[in-house]
Each structure stands twice: as structure tokens, then as C-alpha cells.
Amino acid sequence: MSWQVANIEELRGDRPEAYIRRHFDIAAFGVNAWTPREDGTIIPEHDEMSSGEEEFYLVLSGTATFALGEETVEAPTGTAIHVEPAVTRSATGPAGTTILAVGATRGEAYRPTGWEIGAPALPLFASGDYAGAKEILLGGLAAFPESPMMLYNLACAEARLGEREAALTHVARAAELDARFAGYAQTDEDLESIRDDAAFPAAVPA
Amino acid sequence: MSGWQVARIDEIESLPGPGTLRWTPLRRHFDVRAFGINAYTAQEAGQDVVEEHTEQQLEHEELYVVLAGHATFTLDGEEVDAPAGTAVFLKDPAVRRYAVARAAGTTVLAIGGKRGEPYEPSAWEWYFAADPLIRAGRHEEAIAILEEGLAEKGEQPGIVYSLACAEALAGRREDAIAHARRAIELRPEFAEHVKSDEDLVSIRDEL
């Protein structure tokens, strides 16, 4: 189609996120809308060093609290925030808060990043379809073999499926690529079955 | 540098855009380099909030998000109702798009870029930024912006033409003549424009 229209809230449905880029098949930039999860997290803590993306956030409704590096910024509706790849960022907020996030990498043609391709796997964990989640993540890793998020989530699916060695390999690689995943791994219930193994990554010292 | 910047959209200086709409130059303000992003506001109902245009020249795909108010988009002649929270995506650069505000203060976010290629800021941003200064008689400031545009974008015809106008009004006759002639070389259609462009009346006999 030459053009398409959607209501962002309707696109979101009963999920916290609206995958706008994927819905419209936008190819020139990434764009999604985020609302709070149960714990109030809207944008999980991360940086964009692996993708090199600069990101633009716009608070569409409500009031978000951003953490940007060491700073905290209150962001009511209409606040725009531009963030360079190296900055660690996160955002929280109450129900009714929506943040639009736009991202791409300077000097490069846009391509979707690993998390977006792997995102459809996450609801399958909740429903217990670990084999389905694994299939999606393997497909995503074919395009982004060094995505720590997808490697980590693959490890979780494999651990749930009893594929111990594969799970250990993938969680170790995720932690090697991004030390934060070593931290997440220490308490992630999905990895309970393999945590006692000597090859399981240790938490990174504070 | 902290690596991040924050601003309220309604606190960023907006500039007059085409017709009656106000342009908030988000990309310029934040120096975003990976995609184009701007906001447009119609102060009154019935005014344009997105000027009628296609993206054939830049070959951009565009996403519009109605941030506030209520707009009616016309896409290749078909009307689309767009209250706040509506996203309109135009994959095809050839679609003629246009939007009118149905409520005062309607604001639309526009995000654009070309599929498969790294983004480059568009030349129009420089002459859109310069034009209000030209209208206000601040010709030297307009010239500075346009020269910055030339340095970044090269001899884009629109920038060169606007520079000729600013220089003519600033009394820089020889520079204005040179740039007007160059603009016509780059885009022959400008030969018609100069015949009626009041900004160039002082040098028209040389073109």
C-alpha cells in the first residue's frame, strides 16, 4: 500500500508496547511506542553501543521519569529527549504514560536491531511455548548473531527445554558481549535449571 | 558533553513555515543526524498543518503522528481522519500528502528518511530557517545560515537561490548576481521565478 493509518493505542492492544515500525514495515528508521509494565518500567535500562543508534524519545502522554547517565529528568507530555548511543538510559512512569521512541544510526542505512526481531518471542515464554520462542530467536540470530539480548533469551528458552549445554553456551556468550546479562542471569527463573553449573557466568563484581 | 539533550517541544522556538503553519525544527535543534524529524503546528482550525507536497525529490518515506488536536489528511485526494494518537505512514514518496487542522493548536510530528540509504539532512531546512530572518530584515543572519547550508549540502539550488535573495536585500549586489545566475544554471525553472521575485528586483536587470 502507498500509505497506511493506525491508532497507536489500538496498535498496542493489551501489550505495553506498540511495534509501529514493524506494523507499517518502515525501512528508514526504527519507531515504537512504549507504556509502563507492571513494575512501572517503560524503557528498560540500556545503551545503544551495539547498534550505534541515536535515539529520540517523545513523551506522548503522562509523565515519565528518565534516567540518563547519572541524571534524573522528569519528562511531562511534550518533552523530547535526544540521546547518543553511549548514554545508559531508562524510563519509568505511571499508567497512562506513553513514550514514542525513534532510532537509527548516523551514516548508515537503517536496519532493524536484534531486540525487535526477537521481541515476538517474549510473550511465548509467558504461555510456555519455549520451542516457539526458540524458533523465533534462532531466526533473529541468523541476522544478528552477536545480539546479546537474543542470545540470552535463547539461553532461557533452551534451559526451559532442558537443552543444558546449548543454554550454557548462549548465556555465557551473552554475558561476554554485555556484562549486564551476567547480572540478570543470577536471578532469572528461566535459568534456574542450569545456574549450578560451573560454566554458568558469574555476576560481574560491582 | 552529557550525550543527551532535553526540551519541551512547545518551548523550542518555532518558525513560520509554508503558509500559516509553524515549523518546530526538532532535527536542527537537537542535531539529529540519523533521520529527519520535525513538528508542525496550526494555530487555528482550518489552517494547514502539513503543507501539500510529495517526497519524490528526496524519496523519503514519512511517518506522521498527530500529537495534539485533530487533523484531516488528504492522501492522493483521499481524506483520512486523524485525531491525536493517529499515525499515518506513507511508504510511497509519490503520494501527494496534505493535512488541515480541525482544532486550534493541532500539532503533527513528521519523521522521514530514505529506505536503504544513510540519512542526510534536507536542504530545505536551511532555506526554511533563513526565510523568517529575510522577512524580518535580518539579512546577514540569513546569509550566515545559508552559507552554513552550502558548506554542508553543497550547491543545492534552493539554498543558492535563497542566498541570492538575502544578498540582494543586504545590498551585496555582486554576490547576489553570481548566486542568482548559479541558481538558474542549477535549476533552469528559477529563470521564471526571478522575473517576479521582489527580493531580486534590485538585480533583475543583470539576470
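A, B, ... follow the sequence lines: proteins, then strands. Residue 1 opens every chain.
Looking at B:L67, only its side chain comes within 4.5 Å of chain A, counting heavy atoms on both sides. Only the side chain of B:F35 has a heavy atom closer than 4.5 Å to any heavy atom of chain A. Using a 4.5 Å cut-off between heavy atoms, A:V83 contacts chain B through both its backbone and its side chain. A:T77 touches chain B through its backbone: at least one of N, CA, C or O sits under 4.5 Å from a heavy atom, while the side chain does not. When heavy atoms are compared at a cutoff of 4.5 Å, B:V65 approaches chain A solely by way of its side chain, counted from C-beta outward. Interface remark: B:V32 contributes backbone and side-chain atoms alike to the contact with chain A (heavy atom separation under 4.5 Å). With a 4.5 angstrom heavy-atom cutoff, A:A86 does not touch chain B via any of its atoms. In this structure, the portions of B:V88 lying under 4.5 Å from any heavy atom of chain A include both its backbone and its side chain. With a 4.5 Å cut-off on non-hydrogen atoms, B:E117 touches chain A through its backbone but not through its side chain. If you measure heavy-atom distances from A:L100 to chain B, the contacts under 4.5 Å come from the side chain alone.
Between B:E155 and B:R182 there is a salt bridge, since a side-chain N of the basic residue sits under 4.0 Å from a carboxylate O of the acidic one. Look at B:R115 and B:E61 and you find a salt bridge, because one of the NZ, NE, NH1 or NH2 atoms lies within 4.0 Å of a carboxylate O, short of that distance. Under 4.0 Å is where a charged nitrogen must lie from a carboxylate oxygen, and between B:D31 and B:R33 at least one such pair does. B:R96 has no carboxylate O lying under 4.0 Å from a charged side-chain N of B:D76, or vice versa, which leaves the two without a salt bridge. Note on B:K114 versus B:E59: salt bridge recorded, some NZ/NE/NH1/NH2 to OD/OE distance being below 4.0 Å. A salt bridge links A:R180 with A:D47: the distance from a Lys NZ or Arg NE/NH1/NH2 to an Asp or Glu carboxylate oxygen falls below 4.0 Å.
Sparse packing is recorded around CD of B:E120, with 12 or fewer heavy atoms of other residues, nucleotides or ligands lying under 6.0 Å away. By the neighbour-count criterion of 12 heavy atoms within 6.0 Å, atom CG of A:D39 is densely surrounded, having more than that number from other residues, nucleotides or ligands.
Of the listed residues (B:K91, B:H29, B:E11), the greatest number of heavy-atom pairs within a distance under 4.5 Å of chain A belongs to B:K91. Among A:V31, A:L60, A:I26, A:D25, the residue making the largest number of heavy-atom pairs under 4.5 Å with chain B is A:I26. When each of B:I37, B:D10, B:L26 is checked for heavy-atom pairs under 4.5 Å with chain A, B:I37 comes out on top.
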task: Assess whether salt bridge (charged side-chain N to carboxylate O under 4.0 Å, His left out) is satisfied between B:E140 and B:R172, documenting all intermediate values.
output: CA-CA 10 Å; B:E140 294 298 330; B:R172 295 200 198 179; 2.4 Å; yes

